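Working notes, beginning with the structure itself.
Computed from a prediction, not measured in an experiment: that's the story for all the values here.
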There are 2 protein chains.
Amino acid sequence: MKISTKGRYALRLMLDIAMHDTIEPVRLKDTAERQNISVKYLEQIISALVRAGYVKSIRGPQGGYRLMKKPTEYTVGMILRQVEGNMVPVSCLEDEAVDCERQEQCVTLRIWKELDVAMRSVLDKYTLADLMGWQQEITP
Amino acid sequence: MKISTKGRYALRLMLDIAMHDTIEPVRLKDTAERQNISVKYLEQIISALVRAGYVKSIRGPQGGYRLMKKPTEYTVGMILRQVEGNMVPVSCLEDEAVDCERQEQCVTLRIWKELDVAMRSVLDKYTLADLMGWQQEITP
DNA sequence: TTATTTCATATTGACATACTAGGAAAAAGG
DNA sequence: CCTTTTTCCTAGTATGTCAATATGAAATAA
């Protein structure tokens, strides 16, 4: 019941890009240094975010990555779901789940559903913009 | 980010014992049949619950298991924590966590903390007694 | 043409998950 | 005492996931 490094790093990566979005796109090399994560691992993580259309890449020298939307438009949940998969607490709640025959009588399912709602309510409440604000409070 | 079968089965196991608590203790053989889980796997799961003092075992013929407390005294979270471990969403929040040097500047930690609170609020709100009530509504 | 960047795919080692297997220990009933 | 039924304990095993590293190709700015 843990969020993987991929998910946690993805959030820090997106925040790092958002915080350093100037005329120049953000290079993974720089993010890697600032966040203390290997470039190679970041490459893997960001590929999912590129595929999702969350960031756009510019190749070659002076290349890098840039956000496609405003920081207010990325919730934490959106980012996690791209790299972690669906983020539901039990597979019974997955869209592709074959519904099991005991589902109607399954009282534990009520718990999992409510847990799912509670998790979403947190993860979809905050956006990158919120994280940016907090970050600026700490390191002005 | 999934609850394992062990956690889910543990909850069904405890509910099954609670629902069939009569003069006779509940045998795993019967639970296994009702819940469609192997006796061997249930044995493993229940050992953690015995160790925690949640159920008491009676060996030999006419043996089985019995709850140590009233169903109202077991929250879902308590049961899950025994078999799944601490149930916090990131290891930074574990009691034994070596606190990382970036903790003070870590804005993502705020998210994880709030996620943890939200999860607890659901998992510690419901007890076995609630589950029993729901079950009885469905199959009177 | 070279250096710098992203892009794509494969490989690795460690660990976790979801079980099954085999037998020992306890105890009730005859 | 003996047999059967139950829990108890340890080990094994197949599969998968995690957390990376490694290798090299493709694009592009200067």
Side-chain angles (χ1 to χ4, degrees), chain A residues 1-13 17 20 23-33 35-68 80 83-87 89-92, chain B residues 1-13 17 20 23-33 35-66 68 80 83-87 89-92 94:
Chain A
M1 200 50 179
K2 288 269 188 301
I3 292 173
S4 72
T5 55
K6 250 180 174 158
R8 290 185 285 119
Y9 290 177
L11 195 54
R12 283 165 57 192
L13 171 57
I17 295 174
H20 296 89
I23 334 119
E24 303 251 293
V26 180
R27 289 177 305 169
L28 288 190
K29 200 187 161 203
D30 296 329
T31 300
E33 236 167 64
Q35 298 297 324
N36 203 32
I37 305 170
S38 84
V39 173
K40 280 297 171 193
Y41 200 21
L42 285 178
E43 284 180 2
Q44 259 185 51
I45 293 166
I46 206 158
S47 74
L49 300 168
V50 172
R51 263 194 310 267
Y54 286 7
V55 294
K56 131 177 110 193
S57 66
I58 296 119
R59 287 174 144 203
Q62 269 67 53
Y65 296 91
R66 193 170 277 139
L67 295 189
M68 292 285 273
L80 291 180
V83 297
E84 290 264 318
N86 51 37
M87 289 291 292
V90 295
S91 42
C92 327
Chain B
M1 198 54 180
K2 289 269 188 302
I3 293 172
S4 72
T5 54
K6 249 180 175 160
R8 289 185 286 119
Y9 291 177
L11 195 54
R12 283 165 58 191
L13 171 57
I17 294 174
H20 296 89
I23 335 120
E24 303 250 294
V26 180
R27 290 176 306 169
L28 287 190
K29 200 187 161 202
D30 296 329
T31 300
E33 236 167 63
Q35 299 294 327
N36 202 34
I37 304 171
S38 84
V39 173
K40 280 296 174 189
Y41 202 20
L42 285 179
E43 283 179 2
Q44 262 185 43
I45 294 166
I46 207 158
S47 75
L49 300 167
V50 172
R51 263 193 310 266
Y54 286 6
V55 294
K56 131 178 107 193
S57 67
I58 297 120
R59 288 173 143 205
Q62 270 69 54
Y65 296 90
R66 193 171 277 140
M68 291 286 274
L80 291 180
V83 297
E84 291 264 316
N86 50 36
M87 289 292 290
V90 295
S91 42
C92 327
E94 278 165 11

If you take all heavy atoms of [X] and [Y], which pair is closest and at what distance?
X       : Y       : answer
B:Glu84 : B:Gly7  : OE2-N, 3.3 Å
A:Ser38 : A:Ala32 : C-CB, 4.3 Å
B:His20 : B:Val26 : O-CG2, 3.4 Å

For DNA chain D, determine which residues of residues 3-12 of chain A have any heavy atom closer than 4.0 angstrom to one of its atoms, and list them numerically. A:Ser4, A:Thr5, A:Tyr9
Relative to the 5' end of DNA chain D, which residue comes earlier, B:Arg51 or B:Gly63, by the nucleotide with the nearest heavy atom? B:Gly63
Euclidean distance, atom [atom1] of residue [X] to atom [atom2] of [N] [Å, nearest integer]:
X       : N      : atom1 : atom2 : result
B:Met1  : D:dT17 : CE    : P     : 17 Å
A:Arg66 : C:dT6  : CZ    : P     : 13 Å
A:Glu84 : D:dA19 : CD    : C1'   : 12 Å
B:Tyr41 : D:dC9  : OH    : P     : 19 Å
B:Ile37 : C:dC19 : CD1   : P     : 9 Å
B:Ile45 : D:dT7  : CD1   : P     : 14 Å
A:Lys56 : D:dA27 : NZ    : P     : 19 Å
A:Leu42 : D:dA19 : CG    : C1'   : 13 Å

Is there, by distance only and without an angle test, a donor paired with an acceptor across the side chain of A:Lys40 and the base of D:dG24 below 3.5 Å? yes
Among residues at least two apart in sequence or on other chains, which ones pass side chain to side chain donor-acceptor pair (under 3.5 Å) with B:Asn86? A:Lys2, B:Glu94
Partners passing side chain to side chain donor-acceptor pair (under 3.5 Å) against A:Gln35 (at least two apart in sequence or in another chain): A:Arg12, A:Asp16
Can you list the residues that meet the side-chain contact (heavy atoms from CB on, under 4.5 Å) rule with [X], with sequence neighbours excluded?
X       : result
B:Glu43 : B:Leu28, B:Val39, B:Lys40
B:Gln44 : B:Lys6, B:Tyr41
B:Asp30 : B:Arg27, B:Arg34
B:Ser57 : B:Tyr65

Inter-residue atom distance A:Thr5.OG1 - A:Ile45.CD1, 0.5 Å rounding: 6.5 Å
Can you tell me how far apart CD1 (A:Ile3) and OG (B:Ser91) are? Round to the nearest 0.5 Å. 10.5 Å
For side chain to side chain contact (heavy atoms under 4.5 Å, CB included), just list the numbers for A:Leu13 and A:Leu49, CA-CA rounded to whole Å, side-chain angles, deciding distance to a tenth of an Å, and then say yes or no. CA-CA 10 Å; A:Leu13 171 57; A:Leu49 300 168; 4.3 Å; yes
Looking across every strand, which nucleic acid part, if any, lies under 4.0 Å from B:Ser38 by heavy atom: base, sugar-phosphate, or nothing? sugar-phosphate
Pairs satisfying salt bridge (Lys or Arg N to Asp or Glu O under 4.0 Å), at least one member in residues 51-60 of chain B, at least two apart: none
Could you walk me through whether A:Thr31 and A:Ile46 pass side chain to side chain contact (heavy atoms under 4.5 Å, CB included), step by step? CA-CA 12 Å; A:Thr31 300; A:Ile46 206 158; over 6 Å; no
Tabulate protein N/O versus nucleotide N/O from nucleotides 10-15 of chain D, keeping only pairs under 3.5 Å, one per line.
from, atom 1, to, atom 2, distance (Å)
D:dA11, N6, B:Gln44, NE2, 3.4

Between the protein and nucleotides 26-30 of chain C, which nitrogen or oxygen pairs are less than 3.5 angstrom apart?
from, atom 1, to, atom 2, distance (Å)
C:dA26, O4', B:Arg59, NH1, 2.5

If you compare every side-chain N and O of A:Ser47 against the phosphate oxygens of C:dT6 (OP1, OP2), does one of them come in below 4.0 Å? no
Give, ordered by number, those residues of residues 23-33 of chain B having at least one heavy-atom distance below 4.0 Å to an atom of DNA chain C; if nothing qualifies, reply none. none
